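Order of the sequence lines sets the chain letters (A, B, ...), proteins ahead of strands, with each chain counted from 1. Note that this is a predicted model, so its numbers are computed, not measured.
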Amino acid sequence: MSGLTFRLTSAPSERLNLSHLTPKRLSSIPLADVLKLEIGSTKAGMRVGDIFAVSGKPGDTLRIEGSMDKLDFVGAELDEGTIIVDGDVGVSAGRSMRGGRLDIRGDTGLLLGSGMSGGEIFVKGSAGALVGGLTAGDKFGMTGGLIVVDGHAGDRAGDRMRRGTIFIRGKCGNFAGSRMVGGTIWTELGFGADPGMLLRRGTLVGPSVEQMLPTFADAGRHDLVILRVLSRYMREKLGAKAPKPLPLTVRKYAGDLATIGKGELLITA
Amino acid sequence: MLIKLTGGKVYDPANNINGEVRDIYFADGRIVSPPADARVDKEYDARGRVVMAGAIDPHTHIGGGKVTIARTLMPEDHEKDEVAHTELTRAGTGHALPSTMVTGYRYAEMGYTAAFEPAMLPANARQAHMELGDTPLLDKGAFVMLGSDDFLLRLIASKANFEQIKDYIAWTMHASQAIAMKVVNPGGISAFKFNQRKLDLDEKHVYYGMTPRDIILTLARGLLELGVTHPLHVHGCNLGIPGNVETTLATIRATDGLPLHLTHIQFHSYATEGDRHFSSGAVQIADLLKKYPHISIDVGQVMFGQTCTASGDSMRQFNGAKNADPKRSVIMDIECDAGCGVVPFRYRDKSYVHALQWAIGLETFLLCEDPWRIFLTTDHPNGAPFYTYPHLIRLLMDRDFRRETLHRVNQDALKYSTLPMLEREYSLYEIAILTRAGPARSLGLKDLGHIGPSARADITVYKDDANRERMFTTPELVFKNGELVVRDGKVIKVVNGATHVVRPEYDRSIEKPLKEYFDRYHTVRMENFRLSDDEIIDGGRGEIIVQPTRARTSS
Amino acid sequence: MTAHAEGDRPGEASHTYDNVTCPFCGLLCDDLQVTRTGSTLKVSNGCPRATAGFQRPLPPAKPMVQGVEVPLDEAIKAAATLIREAKLPLYGGMATDVAGARAIMSIADRSCGVVDHALSEGQYRNLRVVQTSGWIMTTLTEARNRADLFIIVGSDVHKLHGRFFDRIVTPEHTMFEGVGQKRTVVFIGEGLDTSAAVGPRINDLITLSVAKDRIPEVLAAISARVRGLPVAPPEAAPAAAAKKGGLFSSLISASKNAPAAPAHEIAGVPFADIEAVAEKCKRANYGVVVWSPPALSMPQADLTVHMMTEIVRELNVTTRFAGLSLGGNEGAPSAASTCTWQTGYPLRVSYANGKPEYDSHRFNIGRMIADEEGDLLLWVASIGTDIGLPQTKIPTIVLGTPGLRLAQPPSVFIPVGTPGVDTAGQMVRCDNVVSLPMQNLGRAPLPRTADILASIQAAL
């Protein structure tokens, strides 16, 4: 596994935008130029070399060490290769990612994987609000790929998500799957209040709901193909770390009837 | 300071100059006659270059509420075209809905020195002028919209004295600081608020009882008798509906000799032949226009790519919202005065409908023989952003280029248009009419659009490049009021342009019923509805130029 | 401008100004009559907020640098120095008119700063919806003359916008015979003042009393019913669970619930009442859903706005319906509109790299200050006194109306006039369509925000 390592040498005094740092892009740039890449958010300018010690040779892996929550857009537009982050990241990590793997061994700010269309994001810690969500000007949130969060997720995971899978080992905050138009969100510890507000299509899976919207209709217990598909998919993706397979029957709630109501909320417990 | 522009090939149709090599002199912002022996302070070499007046866009949505709503709606469109500030210029964003400053810079960099916002709602006039005030390097003006405003409709419905209607038209033009008047889906915007979903030319407004025909004729006649130079600017009924060519033909016939300008006629030239029941009606329109010399048009050419449509036609835009791309839209009912609809749109060359729309626009250009009655527009941003003009000019001037381009669009669509058969190529002289002399004459801009003595020294100098797209994209020199503002397609100096208005005569006593009306029903006082000169002049940032009107007459 | 003098002696003379536009809330009522005697103003027909705003005794105020009175040009020089030295100046507050907003944009562009308005959070409850799916909206005059149904959601409109009912809901006259003559007014929320919804125009007044953070549930049920979709009573009562319970305290296993609650209620509102409102919506000829964004303090309130716009959209399939957003205090619409036409983006724009960069989270100045980003805050608060400077350790420049509440003494303070009171100008109304002229009523010889900023920019 060859690649560059970026070690943060001091705490940045401003937010940094690391969207330039993907293995593929850096493999075509001489190291001297990498050090000159502008990543700051003030007129004073901040270059990679001002705050990162860079070692290694360009390859298909890129490592960020000593990361912290002021580092935004880590792994943005990643399309191949792997980025490993030791530490926390700021907002919009994995933004518009199309492929590859983003491995964050800390917590993330909001909008993790927003607008991503492919690839995989793994988060050791917890994620902020709007996991796989959309930001101003996006047609949709996440449109493909996989996000796995070992900790909890903040509010509104999957906001206007269209395709792909979000798996939260912990608890999913309030309003998960808001305005969602497709895709799957699975939480192992349950949803907060009002999941699926304005859900049009798509699937929310979890053991429990703190508060159910009145516009989700109890459709009874079902044996659904999607459960097996989802369990199998997670097994393929996560191997030994895959969650316990879903039960064969679940209670299905259809909604959100406040809109076209073609989505489903599946309660596994 | 006397400036000489030496030896350019001059295309100045207003003065019948067709490519003659001439020297142009200007001083204090105006063109002057060749002086006998005055000292030239500065000389620019234009030998081998093409010289025209600064171009005029007579129909471009660049200022006012709906444009700013559209800007709000499309952040992703701006993101791809963010413009950094320089020592001279402000930062901003471009593409389909450029920010105001970038609008000014980019028009100027394309050789344009004047642009007119064609859909100013009276209720939104103040904001429209504020935005135009933030649009540098261009002279500007706005067409005020009537025709779905309650006050006019109640005057017509109550068969009010026609002089009073004229007073109201004139008052509105004064109050909103307008250069011309537009009607959009006549009566239809109002009818939509009463839940009517369509309103054809002779269909009755459900509340007021009159028809779009009545409204068009009332306003057109009113403007004629008020002596306003630009005739009623009509965005007709049934925009975008297959078969609307019949409505458009009927609208033309309805005028019976009254002057009218039919805007973005491409969107109103749809016939219903073929399996898809969607075909070109451009031939019928062009044929009929030959018999109606008082009617002028602009095209509203569609070009492929992402844009955003912004219109006062809330009724039609509500309908069009289901085709929004991206899927978001804003529809508004406004102040018992007007409406607006903003719908993002992407025209695709492989789409049958879009390719046909594109073909119909070009057909219209090529079929209409009189260049003085047709203006070059994309109805920015509705058909395409204004930066596509050089490409459009090349399509009109270069038959081979047009043929190549034809291969790239949906071929089925071309079966329902005569475009592949059309051989015409526009000349530079004709382009100068379409983009300078014609709009200036139609709008009554007395000293714009030409470079004869006493004209404003708004001058564009192009390299004479066989690739007309390249030529018109990057003029070598652009002078605004005699100052060199653009060199090699880049702004080098920023100045502010003036606002052009007309002030037709009216009887001030119209303010008595108007004041009662405002006090009784409105949430804005009549006194505050009116936009004062000071608000445009704004301590010297702006300037008002009152263009002449003919004497008021009565029939 | 319509001033007429009534006194003789200069200084003591009374001037009466008609058609005065009020800058103190987003409605921009422009029919006020204000009389000035010396520097004292008296409003004859304002709401309590307007009266308090115009009649507030103006304390003396002088330019100050580090708490010491200085001549204006010194304060300007000091401000320019601070801006020149800042790496990331924040231009917040933005409570001013269009000219002021233009000047802020200009200096922010030049100095590579960030712009945001003090009340953006409210505006963003709307903007997030507009930028995702758009909406169908109306304006004040249209609603006044056309609506036969008003649904007021989660906003104590009478308290926030004291003349809304007078001017929009209950005026004596209606423009269209037989249209909206009799009106139904529905209040959805808790403790909303319904007292102004009275008079001959009001046919029916309905209140659906529900706690603010449960309003979305009621709206969701209305939305389902206007679509003709069933809203079944829950078999059990998971909805009764505490919403704000701790992480694990209220996990309810839906499948294990015991069946059947007797009365069908949604968030405590009888379902029959919700059904009745949905019916009224469907029967309305022109319904208007009204909210004031700053009042929608439920979590993720843009979803509530989104829910309202979904209801409106659905009803427009068969009848006419529109939203009407109020709010817009402290010049917020003027700032947002100006920023949008000048950059394409509605505030929360950074010019740090020379281009306008937009991010509603990263360039939220409230958040930036809390997270200690930015190294200078220029705060403009020329209208009300209660959007004073936020607490911060970084140097601050305040252009404020005299008497502005300040959390800490600013590095530089320059008193400025209030548009529509001390200075003339233009402001944009809450419906983002109408803008109005603001008169100079001659209260105090205070400078325009725009002019001070232009001077600072010239001194950079």
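- Note: C:Leu140 leads C:Thr21, C:Leu140, C:Val179, C:Val349 in heavy-atom pairs under 4.5 Å with chain B.
- Side chains of B:Val524 and C:Leu436 form a contact here, defined as non-hydrogen atoms less than 4.5 Å apart.
- In this structure, the portions of C:Glu177 lying under 4.5 Å from any heavy atom of chain B include both its backbone and its side chain.
- Within the 4.5 Å cutoff, the side chain of C:Cys112 has heavy atoms near those of the B:His85 side chain.
- Between C:Pro437 and B:Asn528 the shortest side-chain heavy-atom distance falls below 4.5 Å.
- Within the 4.5 angstrom heavy-atom criterion, no atom of C:Leu28 approaches chain B.
- Ion pairing between C:Arg320 and B:Asp333 holds under the 4.0 Å rule for side-chain N and carboxylate O.
- Here the closest heavy-atom approach between residue B:Leu73 and residue C:Gly134 is recorded as CD1-CA, 4.3 Å.
- In terms of heavy-atom proximity, C:Gly354 sits nearest to B:Ala91 at O-CB, 3.2 Å.
- Minimum interatomic distance between B:Pro75 and C:Gln131 (heavy atoms only, all atoms of both residues): CG-NE2, 3.9 Å.
- Note that CG of C:Asp31 is 5.0 Å distant from CZ of B:Arg525, once rounded to the nearest 0.5 Å.
- Distance alone, capped at 3.5 Å, is enough to place a donor-acceptor pair between the C:Thr141 side chain and the B:Thr523 backbone.
- Residues C:Met175 and B:His522 form a side-chain contact, since some pair of their non-hydrogen atoms from C-beta on lies under 4.5 Å apart.
- Judged by distance alone, with hydrogens and angles left aside, the side-chain atoms of B:His78 form a donor-acceptor pair with the main-chain N or O of C:Gly344 at under 3.5 Å.
- Looking at heavy atoms from C-beta onward, B:Glu82 lies out of side-chain contact with C:Asn353 at the 4.5 angstrom threshold.
- Residues B:Asn195 and C:Thr318 come closest through the heavy atom pair ND2-O, 2.8 Å.
- Put simply, the side chain of C:Thr139 gets close to the backbone of B:Glu335: a donor and an acceptor are under 3.5 Å apart.
- At a threshold of 4.5 Å between non-hydrogen side-chain atoms, the residues C:Leu127 and B:Thr72 count as touching.
- Per-residue heavy-atom pair counts under 4.5 Å with chain B were compared for C:Asp431, C:Ile168, C:Thr343, and the maximum is reached by C:Thr343.
- Counting heavy atoms from C-beta on, the side chains of B:Asp538 and C:Arg102 come closer than 4.5 Å.
- With contacts defined as side-chain heavy-atom distances shorter than 4.5 Å, the pair B:Met332/C:Glu142 does not qualify.
- Taking the ring centre of B:Tyr521 as origin, the terminal cationic atom of C:Arg144 falls outside the region bounded by 6.0 Å and 45° from the ring axis.
- For the atom pair NZ of B:Lys327 and OG1 of C:Thr132, the computed distance is 14.5 Å after rounding to the nearest 0.5 Å.
- Only the side chain of B:Tyr517 has a heavy atom closer than 4.5 Å to any heavy atom of chain C.
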